[in-house]
J.: 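My questions all concern the structure below.
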Amino acid sequence: MDFSLIVDSFPVYLEGLWTTVWLVSLSLVIGLSLAIPLAVARNSHNPLWRLPTWGYIYFFRGTPLLVQLYLIYYGMDQFFPVKGTLWEHAWFCALVAFVLNTSAYTAEIIRGAINGLPKGEVEAAKAYGMSTWKTYRRVILPSALRRALPAYSNEVIFMLHGSAVAGIVTIMDLTGAARLVNSRYYAPFESFLTAGFFYMMLTFCILWCFKNAEKRFLAYLRPLS
């Protein structure tokens, strides 16, 4: 194993690391912002809200992320001219694909957390005279988001690993950096092993953050010793 080519290519990997971090982070933030109203609409008794949301979630959970990225990256010009707009940039197409994908998965996670809430919490809010929206804002969503943390940590990790497809559409993320190094030195083992190491370090950081978040926000659910 030749470590010298890894050292020589370290700036390329750092650039890819930065691209992966900001692209995944922005996707998760926007995706979570969309997922919360989607989860509420998915639980609605009104079919005009529930059915379109079900179709959206079913489509993006039922198709591979790579297919979604290809449809957005190569297919948007079928509907409107993309030249001179953000759609002609690969990073924007990847961001849109990641946001749509993670929002669908996260919406189902939050919906499951909402449905798993103890009925007493909701009944207590209604007994205080809270409206439906106030109950969601003050009781249901804060409690559901806390309870969804363990499942959501898996979604964040899956999104990080799934972001590797961005390198296929010319984005210089970690996987794209590994492909570039491999094309220069014809050393696939060293190239992709280094990228895998960076992905593993990011995963450890995510797990550490969520572990501490769960200790803080889910402390009230732990049994008293």
Side-chain angles (χ1 to χ4, degrees), residues 1-35 60 63-76 82 85-106 109 149-214:
M1 184 171 178
D2 187 2
F3 288 98
S4 62
L5 66 88
I6 297 176
V7 174
D8 294 339
S9 305
F10 206 70
V12 178
Y13 283 107
L14 289 181
E15 180 183 352
L17 176 64
W18 167 244
T19 301
T20 295
V21 168
W22 76 257
L23 187 59
V24 172
S25 299
L26 188 57
S27 301
L28 291 170
V29 170
I30 301 175
L32 180 60
S33 301
L34 292 176
F60 285 103
T63 55
L65 177 58
L66 180 59
V67 173
Q68 297 165 17
L69 179 59
Y70 277 160
L71 288 174
I72 293 172
Y73 183 70
Y74 294 110
M76 283 298 102
V82 300
T85 68
L86 286 174
W87 291 100
E88 70 176 351
H89 300 287
W91 66 266
F92 183 76
C93 295
L95 178 64
V96 172
F98 293 168
V99 166
L100 295 176
N101 184 271
T102 191
S103 65
Y105 279 95
T106 306
I109 292 172
L149 278 174
Y152 185 60
S153 65
N154 292 328
E155 167 57 20
V156 173
I157 293 172
F158 291 153
M159 189 71 258
L160 171 65
H161 296 167
S163 69
V165 301
I168 300 176
V169 291
T170 72
I171 296 176
M172 194 55 61
D173 65 337
L174 277 172
T175 304
R179 289 160 60 93
L180 177 62
V181 173
N182 180 45
S183 66
R184 287 177 177 176
Y185 300 101
Y186 301 100
F189 186 78
E190 292 88 345
S191 303
F192 290 99
L193 184 64
T194 305
F197 173 79
F198 280 110
Y199 280 116
M200 187 171 62
M201 290 298 101
L202 287 175
T203 301
F204 284 153
C205 291
I206 291 170
L207 290 174
W208 182 83
C209 290
F210 272 96
K211 183 178 179 180
N212 285 277
E214 289 173 25

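These numbers come from the heavy atoms of this one structure, side chains and all, not from hydrogens, waters or symmetry mates.
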J.: So, taking the atom named CZ in Phe210 and the one named CD1 in Ile157, what distance separates them when rounded to the nearest 0.5 Å?
T.: 8.0 Å
J.: Sequence neighbours excluded, which residues qualify as side chain to side chain donor-acceptor pair (under 3.5 Å) partners of His89?
T.: none
J.: Given 3.5 Å as the limit, does a donor-acceptor pair link the side chain of Thr106 with the main chain of Ser103, or not?
T.: no
J.: Quick one, Tyr105 with Asn154, criterion side-chain contact (heavy atoms from CB on, under 4.5 Å). Give me CA distance, side-chain angles, the key distance, then yes/no.
T.: CA-CA 11 Å; Tyr105 279 95; Asn154 292 328; over 6 Å; no
J.: Do Asn182 side-chain atoms and Ala187 backbone N/O form a donor-acceptor pair below 3.5 Å?
T.: yes
J.: Going by the rule side chain to side chain donor-acceptor pair (under 3.5 Å), which residues pair with Ser33 if we only count those two or more places apart in sequence or in a different chain?
T.: none
J.: With rounding to the nearest 0.5 Å, note down the distance linking CG in Asp8 to CZ in Arg184.
T.: 10.0 Å
J.: Looking at every heavy atom in both Phe98 and Ser163, which two are closest together, and how far apart are they?
T.: CZ-CA, 3.6 Å
J.: Could you state the interatomic distance from OG (Ser153) to CG (Leu207), rounded to the nearest 0.5 Å?
T.: 6.5 Å
J.: Would a 4.5 Å heavy-atom cut-off, applied to side chains only, mark Tyr152 and Leu32 as touching?
T.: yes
J.: Could you report the tightest heavy-atom contact between Ala94 and Ile171, atom names first, then the distance?
T.: CB-CD1, 3.4 Å
J.: Find the distance between OG1 (Thr194) and OH (Tyr199) and round it off to the nearest 0.5 Å.
T.: 12.5 Å
J.: As an exercise, state the distance from CG of Leu174 to CG of Leu14, rounded to the nearest 0.5 Å.
T.: 9.5 Å
J.: Among all residues two or more places apart in sequence or in another chain, which pass the ring-ring contact (aromatic ring centres under 6.0 Å, His included) test with Tyr70?
T.: Tyr74
J.: Stepwise, does the side-chain contact (heavy atoms from CB on, under 4.5 Å) test hold for Glu190 with Val181?
T.: CA-CA 9 Å; Glu190 292 88 345; Val181 173; over 6 Å; no
J.: Applying side chain to side chain donor-acceptor pair (under 3.5 Å), name anything that partners Tyr13, two or more places apart in sequence or on another chain.
T.: none
J.: For the residue pair Leu95 and Ser27, what are the closest heavy atoms and their distance?
T.: CD1-OG, 3.3 Å
J.: Residues two or more places apart in sequence or in another chain: which of them pass ring-ring contact (aromatic ring centres under 6.0 Å, His included) with Phe92?
T.: Trp87
J.: Verify side-chain contact (heavy atoms from CB on, under 4.5 Å) between Ile6 and Leu193, making sure each step is shown before the conclusion.
T.: CA-CA 10 Å; Ile6 297 176; Leu193 184 64; over 6 Å; no
J.: Locate the shortest heavy-atom distance separating Leu69 from Val165; write the atom from each residue and the value.
T.: CD2-O, 3.6 Å
J.: Where do Phe60 and Asn101 come nearest, in terms of heavy atoms and distance?
T.: O-ND2, 3.4 Å
J.: Begin from the C-alpha positions of Phe198 and Thr20 and carry the test side-chain contact (heavy atoms from CB on, under 4.5 Å) through to its verdict.
T.: CA-CA 10 Å; Phe198 280 110; Thr20 295; over 6 Å; no
J.: To the nearest 0.5 angstrom, please state how far the CG atom of Leu160 sits from the CG atom of Leu23.
T.: 10.5 Å
J.: Can you check whether Ile72 reaches Leu100 side chain to side chain, under 4.5 Å on heavy atoms?
T.: yes
J.: Are Gln68 and Leu65 packed together at the side-chain level, in the sense that at least one heavy-atom pair is separated by less than 4.5 angstrom?
T.: yes
J.: Can you name the nearest heavy-atom pair linking Ala177 to Met172, along with the distance?
T.: N-SD, 3.5 Å
J.: Name all residues meeting the side chain to side chain contact (heavy atoms under 4.5 Å, CB included) criterion together with Trp22; count only those two or more places apart in sequence or in a different chain, and write none if there are none.
T.: Trp18, Thr19, Leu26, Trp91
